[in-house]
Amino acid sequence: LQEFLAREADRETYEILLQEADKKMIRVLDDLIEVLIRKNIIMLTDLPLEAREKLGTRKEVRRKMHENGAEITVDDIL
């Protein structure tokens with residue numbers, strides 16, 4: 001990846017790389033928020049309603065994926 005980034009690339013290529021990195025970062029933030037809540041560092045109600053709704057939707061989708069055997073792996077995160 002470092003070699004690729006060192007080469008000259010067009011703007012669209014960098015935008016695609018950032019979009020992929022953003023998707024993975026969202027999963028990291030999901031997990032971080034879950035850990036903070038579980039350890040009682042923050043409460044779910046500390047977050048704005050919109051954030052709670054989005055987290056709830058993502059959690060439900062991940063639960064359904066797990067039930068259907070489409071478990072998210074470490075490779076999906078990293």
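Just so we're clear, the structure is a prediction, and the values are computed from it rather than from any experiment. Worth knowing before you read on, the calculation uses all heavy atoms, side chains too, and leaves out hydrogens, waters and symmetry mates.
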* Can any side-chain N or O of Asp31 pair as donor or acceptor with the backbone N or O of Val28 at less than 3.5 Å? -> no
* **Heavy-atom neighbours of Glu60 CD exceed 12 at 6.0 Å** => yes
* Same cluster (ILVMFWY, side-chain, under 4.5 Å), Leu18 and Ile16 -> no
* Asked: Hey, what do you get for CG (Leu32) to CD1 (Ile42), rounding to the nearest 0.5 Å?
  -> 7.5 Å
* Pairing of Lys23 and Glu20 as salt bridge, 4.0 angstrom limit -> yes
* Asked: Which one of Leu36, Ile37, Ile41 satisfies the side-chain contact (heavy atoms from CB on, under 4.5 Å) criterion with Lys39?
  -> Ile41
* Asked: Does the side chain of Met43 come within less than 4.5 Å of Asp46's, by heavy atoms?
  -> yes
* Start with the C-alpha gap between Glu67 and Lys64, add the side-chain angles, then the distance that decides, and say whether salt bridge (Lys or Arg N to Asp or Glu O under 4.0 Å) holds. => CA-CA 5 Å; Glu67 287 175 358; Lys64 286 184 180 184; over 6 Å; no
* **Where Thr45 and Arg52 come nearest, the two heavy atoms and their spacing** => O-NH1, 3.5 Å
* State the CD-OG1 distance between Glu15 and Thr13, to the nearest 0.5 angstrom. => 9.0 Å
* Asked: Which value, rounded to the nearest 0.5 Å, describes the distance between Glu53 atom CD and Leu55 atom CG?
  -> 10.5 Å
* Test Asp30 against every option in Lys54, Lys59, Arg62 by the salt bridge (Lys or Arg N to Asp or Glu O under 4.0 Å) rule and name the one that passes. => Arg62
